Amino acid sequence: MRVSRLMLVTLRDDPAEAEITSHKLLLRAGYMRRLAPGIFAYLPLLWRVLQKISAIIREEMAEVDALETLLPQLQPADLWRRSGRWDGYTAGEGIMFHLIDRQERAMGLGPTHEEVVTELAADLLRSYRQLPVCLYQIQTKFRDEIRPRFGLMRGREFIMKDAYSFHADEACLRRTYAAMDGAYRRIFERCGLRAVAVEADSGAIGGSASQEFMVTAEAGEDLILASPDGRYAANQERAVSLPPPAVPLEVEGLRTLATPGQTSIEELCAAHGFDPTQTVKVLLLLARFAAAPARAVLVCLRGDQQLNEVKLANAVTARCPDAGALLEIGPLLPDHLAGGLAGGVPFGSVGPHLEDALLPKGEASGAGPVLRLADSSAAELEAFVCGANREGEHLVGARWGELCPLPEVVDLRAAQPGDRCLHDPFQRLEAARGIEVGHIFQLGRKYSEALEARFTDETGREEPLWMGCYGIGVSRLAAAAVEQHHDADGIRWPLAIAPYAVIIVIASSQDPVQVALAERLYGDLGRAGIDVLLDDRPERAGVKFKDADLIGIPWRLVVGRSAAEGRVELVDRSGGGGRQDLSAEEALERLLRLHA
RNA sequence: CGGGAUGUGGCGCAGCUUGGUAGCGCACUUCGUUCGGGACGAAGGGGCCGCAGGUUCGAAUCCUGUCAUCCCGACCA
């Protein structure tokens, strides 16, 4: 392709709307244009990148016998109601674009395709003899993000590869899951990305085991916690660790301590010389559901620990099976309770022994018994300091069983960098930022049960299908590649996903000798099947060099002054291999070798 | 949804305090000189100053409303 015909429009200044490198560079280098928040036009250069990524994905999917397909994006609400996800995806902070068609039917634009594909499986897969099967597609997904940002990184319309596997038993699911794990590692490696696999929360998709693939980069939205020995890595949402040991509280019996105005752990400890690990902090929260009244939740954590909201949301959802989707869980505020807690208990002095009766019943403050949960960090304390449920007072020397029964113990604390690892207490978790580019799940039978996707096994019994699902953010992967591969001058695409492998720059388009040599090389490379650009624009050499650097073509072939002697300059932009003066033939040969 | 900021040619910005009918850099067109790291000169084209009201003889500028975009947060007393 000739650059003069490429519709290449590069910008000298960073667009004001862009915050991170990939967003800035993809806009500046003419790869994309924003149409609306989180919605981008993929310009020809970017489309080539996306096609290269897709081609690699297709090859690796073929390796694991996955079948490419294309599923509807416009999906009936009824289908989503049957899986139980319609409300969760549309109400509250739901992420699904939805509409009413002319027949007054509710429809949604697919944010994911479990429902559609499961429906299809229910229709087609009847016998264990047909299994396993794995279907995948590469197409646009729609998600009405609460806050789209960072360009391609979190868009409302984006390209995703999603695969779904169906199995007769769990062992078979595990095998495919493992095969996908391998395929994913090869895909990211072939795309030239450094990626790590981490344990992950499975979120709204549900299911048991799940693993994310993170491209490490400063701009990553996720925090990864990993052990230096490489044996453990997890998303912070999911990470587990050993908390620092607590300082034992040396007290006899239970006493009351006057703590006027001390409503935070810090103030309390500063005033009385306690260590935060000797305290239990109590969080009162309110969980709102799609299909049930709100419910109050009381969480006990050791005073120095932080709540992990993802773990909490999972724990609450699991304990309220009939409540429908968990829409929101947040602090229970005085505003929710007209007049605050009964008996005048101030929020800053709540203790684990707060009685249900002190919470006024009602839609705003929660119906039914308070759901009580304790993190093991709090549960393991022999004796502790906590709120007294009275203004300006705390209890010292409280013990589980004496003060109140120990609530159900669940892992609710947020693991922190520096925490000791479970698998080896001598290893300490280290933090890194990552961009989630892939996520694989063992879904189990959640969707097949909900949508009655059953097959007949060898014994003639009807069983729900075992399912797995496997996603890659294709457009996000392109942005992640830019985050990982750029310098002050622009993008440095890995060769495998670069829009073109080579750009031939004619230093002076007025020199017929240079033009002739460049045209010859352009023809030769093109005929050899190499993706080559010819910068034939009547621009000054400096402009063309700047543009070539900015758009990040891995190899630059400069045809300039020494063209008359048949010599050219080969510049390795991606590999950092510098520049070399070569005869045109040598240069050609090298580039052809790369391709082979 | 809450908080903050910003809306002025395609992009980046000034002008607004103190009202007088719009300017700079880049980009674009033409001509000339230049020609290996975003050239120089000359001449051009392109703007409902986000939108709607209001104040005023007169509004990009002041007031009110509204919309949009971007950033922070969706956090534990």
Side-chain angles (χ1 to χ4, degrees), chain A residues 7-20 23-24 27-30 33-39 92-93 145-151 259 261-268 279-286 297-313 327-336 340-341 345-351 354 373 375 378 386-387 391 394 412-414 488-490 505-511 514 535 537-551 556 558-563 568-569 571 573 579 581:
Chain A
M7 197 175 80
L8 180 67
V9 178
T10 57
L11 305 174
R12 194 172 293 205
D13 301 309
D14 286 332
E17 70 190 54
E19 199 70 12
I20 62 169
H23 192 187
K24 287 178 185 168
L27 285 169
R28 272 191 62 203
R33 282 291 160 118
R34 189 187 69 96
L35 190 66
I39 301 177
E93 287 180 347
E145 292 285 344
I146 296 168
R147 189 172 156 214
R149 58 180 139 180
F150 301 147
T259 55
Q262 295 154 17
T263 56
S264 70
I265 299 285
E266 295 73 39
E267 289 164 341
L268 179 69
T279 66
V280 165
K281 77 174 162 191
V282 175
L283 309 175
L284 265 181
L285 302 117
L286 188 68
V297 181
L298 185 148
V299 172
C300 297
L301 276 173
R302 202 173 76 190
D304 62 314
Q305 297 299 310
Q306 299 297 313
L307 176 66
N308 179 321
E309 288 196 42
V310 174
K311 290 180 181 176
L312 176 66
L327 299 178
E328 186 189 6
I329 184 159
L332 181 63
L333 302 171
D335 291 352
H336 290 126
L341 295 169
V345 177
F347 277 74
S349 302
V350 170
L354 185 77
L373 300 170
D375 180 69
C386 66
E391 177 77 54
H394 278 74
L412 293 173
R413 56 180 281 278
D489 295 316
V505 175
I506 308 176
S508 171
S509 322
Q510 270 122 48
D511 179 348
Q514 291 182 24
D535 196 344
R537 295 175 300 171
E539 294 286 350
R540 294 161 59 89
V543 172
K544 297 194 219 182
F545 293 150
K546 287 286 187 193
D547 274 345
D549 286 346
L550 182 60
I551 65 178
R556 184 164 88 230
V558 182
V559 180
R561 295 192 198 97
S562 48
V568 297
E569 184 182 85
V571 182
R573 172 139 179 77
R579 54 187 66 187
D581 273 307

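All values derive from a computational prediction rather than experimental measurement. Just the heavy atoms: all of them, side chains too, but no hydrogens, waters or symmetry mates, feed the values below. Order of the sequence lines sets the chain letters (A, B, ...), proteins ahead of strands, with each chain counted from 1.
Salt bridge A:Asp13/A:Arg28: absent, no basic N to carboxylate O contact under 4.0 Å. Between A:Arg34 and A:Glu17, at least one side-chain nitrogen of the basic residue sits less than 4.0 Å from a carboxylate oxygen of the acidic one, meeting the salt-bridge criterion. Under 4.0 Å is where a charged nitrogen must lie from a carboxylate oxygen, and between A:Asp549 and A:Arg556 at least one such pair does.
In this structure, A:Ser264 contributes its side chain and A:Glu267 its backbone to a donor-acceptor pair below 3.5 Å. For the pair A:Lys544 (side chain) and A:Ile506 (backbone), a donor-acceptor distance under 3.5 Å is present. Looking only at distances, no side-chain donor or acceptor of A:Gln306 sits under 3.5 Å from a matching main-chain atom of A:Ala414. With hydrogens and angles ignored, the 3.5 Å screen pairs no side-chain donor or acceptor of A:Gln305 with any backbone N or O of A:Arg302.
The side chain of A:Leu550 lies closest to B:G38, out of B:G36, B:G38, B:C76. Each of B:U34, B:G36, B:A77 was ranked by its minimum atom distance to the side chain of A:Ala541; first place goes to B:G36. Listed candidates were B:C75, B:G36, B:G38. Nearest to the side chain of A:Glu309 is B:C75. For A:Pro37, the listed nucleotide lying nearest its side chain is B:C70; candidates were B:G36, B:G38, B:C70. Of all nucleotides listed (B:G38, B:G36, B:U69), B:U69 comes nearest to the side chain of A:Arg34.
With both pairing distances under 3.5 Å, B:G25 is matched to B:C11 as a Watson-Crick or G-U wobble pair. Pairing of B:C35, defined by two Watson-Crick or G-U wobble distances under 3.5 Å, is not identified with any nucleotide. With a 3.5 Å ceiling on both atom-pair distances, the Watson-Crick or G-U wobble partner of B:C51 is B:G65.
Heavy-atom distances to RNA chain B give each of A:Pro148 and A:Arg540 a nearest nucleotide, and the one nearer the 5′ end belongs to A:Arg540.
Side-chain atoms of A:Arg28 and base atoms of B:G38 include a donor and an acceptor less than 3.5 Å apart. Looking at A:Glu19, its side chain has no donor and acceptor atom pair within 3.5 Å of the base of B:C70. Taking 3.5 Å as the limit, the base of B:G36 and the side chain of A:Glu569 contain a donor-acceptor pair of atoms between them.
Within 4.0 Å (heavy atoms only), A:Leu301 reaches no atom of the nucleic acid at all. Residue-level contact check: A:Arg556 touches the bases, meaning some heavy atom is under 4.0 Å from a base atom. Among the protein residues, A:Val9 comes within range of no part of the nucleic acid, since none of its heavy atoms lies under 4.0 Å from any strand.
Look at A:Arg12 and you won't find any side-chain N or O under 4.0 angstrom from OP1 or OP2 of B:G38.
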* Let me have a per-nucleotide readout for nucleotides 4-16 of chain B, 5' to 3', with B, S or -, counting only protein heavy atoms under 4.0 Å. => --------SS---
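If you take CD of A:Gln510 and P of B:A39, they are 14 Å apart, rounded to a whole angstrom.
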